[in-house]
Amino acid sequence: MNITIKDGLSKDVQTGQTVGDALSALGISLGTDILAARVNGTVMDLSRPLSEDATIEPLRFDSPEGREVYRHSSTHLMAQAVKELFPTAQLTIGPALEDSFYYDFAYDRPFTPEDLASIEERAREIAKRRLPIARREFSKQDAIEFFRARGEKYKVELIEGFPDGEPISAYTQGDFVDLCRGPHLPSTGHIGAFKLLTTAGAYWRGDERNPMLQRIYGTSFPTKTELDAHLARLEEIKRRDHRKVGKDLDLISVQDEIGPGLVLWHPKGAAIRLQIENFWREQHIKGGYELVYSPHVARLDLWKTSGHLDYYRENMFASMKLEGSEYQLKPMNCPYHIMIYKSHLRSYRDLPIRYGELGTVYRYERTGVLHGLLRVRGFTQDDAHLFCRPDQIETEVSRVLDFTFFILQTFGFTDFEVFLSTRPKESVGADEHWTLATSALEAAIKSRNIAYRMDPGGGAFYGPKIDIKIKDALGRSWQCSTIQVDFNNPERFELSYIGEDGKAHQPIMIHRALMGSIERFFGILIEHYGGAFPAWLAPVQATVLNITDNQRDYAAAVTAQLKSAGFRAEADIRNEKIGFKIREAEKAKVPFMLVAGDREVQGGTVSVRGRSGANLGSMTVVQVLDLLRAETARVRQDS
RNA sequence: GCUGGCGUAGCUCAAUCGGCAGAGCAGCGGUUUUGUAAACCGCAGGUUGGAGGUUCGAUUCCUCUCGCCAGCUCCA
C-alpha cells in the first residue's frame, strides 16, 4: 500500500505496518516529539496498524491535537498513580482540557495536598518506567465483563450506555487499564514535565443528584521550561486578580455587612467608572440613541406581562408588598423601555427608536456562583433596546456591531470572537420570524466581513442572538457583548406602529449590551491592565511630588493648574523622602509623577517620570499639559 | 444550592500539646528637609467572623450560623 507524508515523501510499505513504522520508513525519526499522527484525517496512535493507502501527518506538541493526546495520556498517567497508591479508588472519566487535564475518581474521601504530592511523585516514577501504551478492542459484552471483574462500576455504567455492535477500546500501560477512545502516546516515557494543580469535588455526569467524585487537576508539558512558563502565567493571572488589585488600589469592596454580590465603588473605582460612563453616554448620543432612566422597582404585574415571572423567577429577588400591591426589584430594564415606547402612538417614520440606559438591575444568583465583580447580585447594564421594522433588523444590527467594536477597542481590546446563536428547543415565536431574524443577523455579520461561529440552539427563548467575546492581555476570553432579537416582548406588550398603509404593525425589538455589566467589565478591565489603567481612565493621572518643604507652595500651584485644565492631579507634599513618594505613586499605578525640587522651581518646570521608571525629562507646566492631553486621549479617537 | 478548604489588627501573616494573642507594613506623635521604588525613634491598634457547647481555662476541640476561596451545578 502507498503511504504519503503530508507535504513530503511517498512510499509503498507492507500492509499491517504501524503508523510509526510507516513514518520511520519515510525517514521521520520517532523521537519523543512525535506524539501521534493524523491518518487520512483521523488522529491515531503511532502503534495502529495501517490497512490502506494513507496520507500521514505526524502530530507534535505544537498542534492542538498533539497537545490533546499528550494531556490525555497525562491524565491516564495520573490515574495509574492513583490506582497504585489508592487501589480502592474507582475510575470514572478523565479528559484533556485546553492546557491542562483532570481525572474524576470515586473515592471515600477527598484527596489531600499530601496525597497530591505522593501521586505526583508516583506518576513521575511511572513515566520513568517508560511503559508502552497499548490499545486493545473488546466487544461490548466482553468490555462489560472485563471492567466488572476489575471492580470498575463507573466504567461498566459508561459502557452500558454505548451503542451495541461497535467495538470498545481500552488502553493499557503496565497493570493499568482504562476504557478510552484514545488516541494515546506511545509510552508513559513520552511525558516530560508533569504537575498536579488542585483537587475539587465534581458530580458524576455533572448532575448534583449523583454522587460526588474527587477530581484532580493537573498539567503537563514536554519540558520543564514550558511547564514553568505555564505556571508563571498562572501566577500572573493570580497577581492580576481583580479582587486583589481592586483592594490594593482601593477601587471597590464587597462587604459582609452590605451583603454578598453587592459592590461598593470607592472614590478611585468610581472615578474610573465615571470615565467609562461619560464615554458611553457621549458615544450613544452621537450614535443616535436616546438616553432614558427607569426606577429600580415596579409593580409585579409588569413582570407578569413581560414573562419574567414565568421564565426568570428563580433569578429574581422576592417581591415586596406595599399598600396592598406587590412590587418587584428589577432584574432587567426592558419592560420600562417598552413602556416608554408605548407611551405614544408610533409611526413607521419614527423607527428605529433606540433607548439606552445604564440601568442597574438586581438578580438573585446562587451563593456558589458569586465571584468578585464578575458575578454579582446588583449590577449596571449598559443596556439599550432598539425598536424597528423587520426590514431594519440587518441595518440596525450592522450598526450595533460597528459600535460595539469601536467601544471595545477604545478600552484596549482588539481580539474578538463572534458567535451566532440559533433557535433553542424551548422557545416561542413563529418559524418565519426566527428564520428572518437569524438570516438578518447573519447578513449583518457578513456585511462587516467578520469571522464568526455558529452556536446551534444557543439563542434566547425569545429570539436568536449574536454574542461577542473579547480576549484580554493574558489571552483569556470573556463574553461581554450580546445582541438579541426579540419577537416575544412586542407581542406580550402588544407593541405597534402605524405603517405606510395606515394599519398597525408589530415592531421587532433588539436588546443589546456592549460591556454587559459595568461591574463585570470593570473586573475584566482591571485584570486586562493589571491595575495600570491607561491615562484616560486612571483615577489619578498625575501626582506632583516635592522634594523638600521648600517646594510645597510650588507643588500645590502646579497641581492647581493641572486640575483647572481638567486633569485628575494630586500633590504629595508629605514630609517624606522622594524615593518613598515615588514608590507609593508606583504602587498606586499613577501614570505620571511630576517631581519638583529647587531646580524645577527655579526654571518653572517639573521633572517628569512615567509609570515604571521612564525618565521623560524636565518640562514646563505648559509642556506637561500638552503631554497629558496627548496621553489621556482615548486609544481610538472619537469617530 | 452541593463538596472541600479557609475566616486572628486597616493589609500580609505568626501563635508548640488547650495555658497571658504577636510581627512587618499601614495609622498616629516626634526627629529628620530629603533628587526618582521603603529614613529613624516612639505610641496606639483585637469581643481571634457570629452564636452556643465541652473545659479550671478555647484562636486552638465540638455543634450551628454568616462570609470568603476552589470546583461542581446554574447562567440573562
*Of the nucleotides B/rA39, B/rU36, B/rC69, which one has an atom closest to the side chain of A/E576?*
B/rA39
*asked:* Distance check needed: B/rG71 C1' versus A/L370 CG, whole Å only.
replied: 15 Å
*Just checking A/T198: base, sugar-phosphate only, or nothing, at a heavy-atom cut-off of under 4.0 Å?*
nothing
_Short side-chain to backbone donor-acceptor contact, A/S427 and A/R423, under 3.5 Å_ = no
*Take the protein atom CD of A/E584 and the nucleotide atom C1' of B/rA26, then report the distance between them rounded to whole Å.*
9 Å
*Tell me the partner of B/rU54, counting only Watson-Crick (N1-N3 plus N6-O4 or O6-N4) or G-U wobble (N1-O2 and O6-N3) with both under 3.5 Å; none if nothing fits.*
none
*Nucleotide forming a Watson-Crick or wobble pair with B/rG35, both distances under 3.5 Å*: none
*Flag this pair as yes if the NZ/CZ of A/R71 is under 6.0 angstrom from the six-membered ring centre of A/F101 and inside a 45 degree cone about the axis; otherwise no.*
no
*Expressed as a whole number of Å, how far does the P atom of B/rU8 sit from that of B/rC68?*
14 Å
*What integer number of Å spans the P atoms of B/rU63 and B/rA9?*
24 Å
*If you check every side-chain atom of A/R583, which of B/rA38, B/rG35, B/rG1 has the closest atom?*
B/rA38
*What integer number of Å spans the P atoms of B/rC20 and B/rU48?*
15 Å
*If you check the A/R243 side chain, which of B/rA37, B/rA70, B/rG1 turns out closest?*
B/rA70
*When only distance counts, do a donor and an acceptor, one from the side chain of A/E600 and one from the base of B/rG35, lie under 3.5 Å apart?*
yes
*Got a second to check how far A/D104's CG is from A/L91's CG, nearest 0.5 Å?*
11.0 Å
*Given atom CG of A/L234 and atom P of B/rG71, what is their separation to the nearest angstrom?*
12 Å
*Look at all strands and tell whether A/H371 reaches a base, only sugar-phosphate, or nothing, counting heavy atoms closer than 4.0 Å.*
sugar-phosphate
*asked:* What's the closest nucleotide to the side chain of A/Y203 if the choices are B/rC74, B/rU36, B/rC2?
replied: B/rC2
*asked:* Taking the nucleotide of RNA chain B with the nearest heavy atom to each, does A/Q214 or A/C480 sit closer to the 5' end?
replied: A/Q214
*Counting any heavy atom closer than 4.0 Å, what does A/G597 reach on the DNA or RNA strands: base, sugar-phosphate only, or nothing?*
base
*Quick one: label A/D598 by what it contacts on the DNA or RNA (base, sugar-phosphate, nothing), any heavy atom closer than 4.0 Å.*
base
*asked:* Which nucleotide, if any, forms a Watson-Crick or G-U wobble pair with B/rC43, using both distances under 3.5 Å?
replied: B/rG27
*For B/rC72, does OP1 or OP2 lie under 4.0 Å from any side-chain N or O of A/Y217?*
yes
*Please walk me through it: do A/F487 and A/Y462 pass ring-ring contact (aromatic ring centres under 6.0 Å, His included)?*
CA-CA 6 Å; A/F487 335 108; A/Y462 47 74; 8.7 Å; no
*Determine the sole option in A/L401, A/I510, A/T422, A/L420 for which the side-chain contact (heavy atoms from CB on, under 4.5 Å) test with A/L441 is passed.*
A/L420
*Write down the distance separating the P atoms in B/rG49 and B/rC11, rounded off to the nearest Å.*
13 Å
_Pairing check on B/rC20: which nucleotide meets the Watson-Crick or G-U wobble criteria with it, both distances under 3.5 Å?_
none
*Options B/rA76, B/rG35, B/rG1, nucleotide nearest the side-chain atoms of A/Y312*: B/rA76
*Nucleotide of B/rG1, B/rA26, B/rA70 approaching A/F580 most closely (side-chain heavy atoms)*: B/rA26
_Nearest-Å distance once atom C1' is located in both B/rC13 and B/rC75_ = 37 Å
*Report the base-pairing partner of B/rC72 (Watson-Crick or G-U wobble, both distances below 3.5 angstrom), or none.*
B/rG1
*Enter the distance from A/Q484:CD to A/D467:CG here, rounded to the nearest 0.5 Å.*
7.0 Å
*When the distance from CD1 of A/I252 to P of B/rC68 is rounded to whole Å, what number comes out?*
13 Å
*Determine the contact category for A/R375: base if any of its heavy atoms lies under 4.0 Å from a base atom, sugar-phosphate if only primed atoms, P, OP1 or OP2 are that close, otherwise nothing.*
base
*Name the nucleic acid region contacted by A/M332, choosing base, sugar-phosphate or nothing; use a 4.0 angstrom heavy-atom cut-off, strictly under.*
sugar-phosphate
*asked:* Counting only side-chain heavy atoms from C-beta out, which of B/rG71, B/rA76, B/rG35 sits nearest to A/T482?
replied: B/rA76
_With a 3.5 Å limit on both atom pairs, tell me what B/rA9 is paired to, counting Watson-Crick and G-U wobble, or say none._
none
_Sugar-phosphate, base or nothing in reach of A/I547, heavy atoms under 4.0 Å_ = base
*Answer with base, sugar-phosphate or nothing: what part of the nucleic acid does A/R215 contact at a heavy-atom distance below 4.0 Å?*
sugar-phosphate
*In whole angstrom, give the distance that lies between atom OH of A/Y364 and atom P of B/rA76.*
17 Å
*Would the number of heavy atoms belonging to other residues, nucleotides or ligands and lying under 6.0 Å from CD of A/E68 be above 12?*
no
*Counting side-chain heavy atoms from CB outward, which of B/rA37, B/rA39, B/rG35 is closest to A/K587?*
B/rA37
*Taking atom C1' in both B/rA23 and B/rA44, compute the distance separating them and give it to the nearest angstrom.*
15 Å
_When the C1' atoms of B/rA14 and B/rC25 are compared, how many Å lie between them, rounded to an integer?_
15 Å
*asked:* Would A/K469 pass as a cation-pi partner of A/F416, given that its NZ or CZ must be under 6.0 Å from the six-membered ring centre and within 45 degrees of the axis?
replied: no
*Atom CE of A/M515 to atom P of B/rA76: distance rounded to whole Å?*
21 Å
_Toward the 5' end of RNA chain B, by each residue's nearest nucleotide, A/R363 or A/N550_ = A/N550
_For B/rC75, does the base pair up with any side-chain atom of A/R366 as donor and acceptor (N or O, under 3.5 Å, distance only)?_
no
*Please give, in whole Å, the distance from B/rC75 P to A/R313 CZ?*
18 Å
*Which whole number of Å gives the distance between the C1' atom of B/rU59 and that of B/rC17?*
15 Å
*Check the distance between B/rU33's P and A/R552's CZ and give it to me in whole angstrom.*
15 Å
*For the side chain of A/K247, starting at C-beta, report the closest nucleotide among B/rU73, B/rU12, B/rA76.*
B/rU12
*asked:* Determine whether A/R233 and A/E236 satisfy the following criterion, salt bridge (Lys or Arg N to Asp or Glu O under 4.0 Å), listing intermediate values before the conclusion.
replied: CA-CA 5 Å; A/R233 181 170 171 272; A/E236 178 65 13; over 6 Å; no
*Check every atom of B/rC66, B/rG35, B/rA26 against the side chain of A/D256 and return the nucleotide holding the closest atom.*
B/rC66
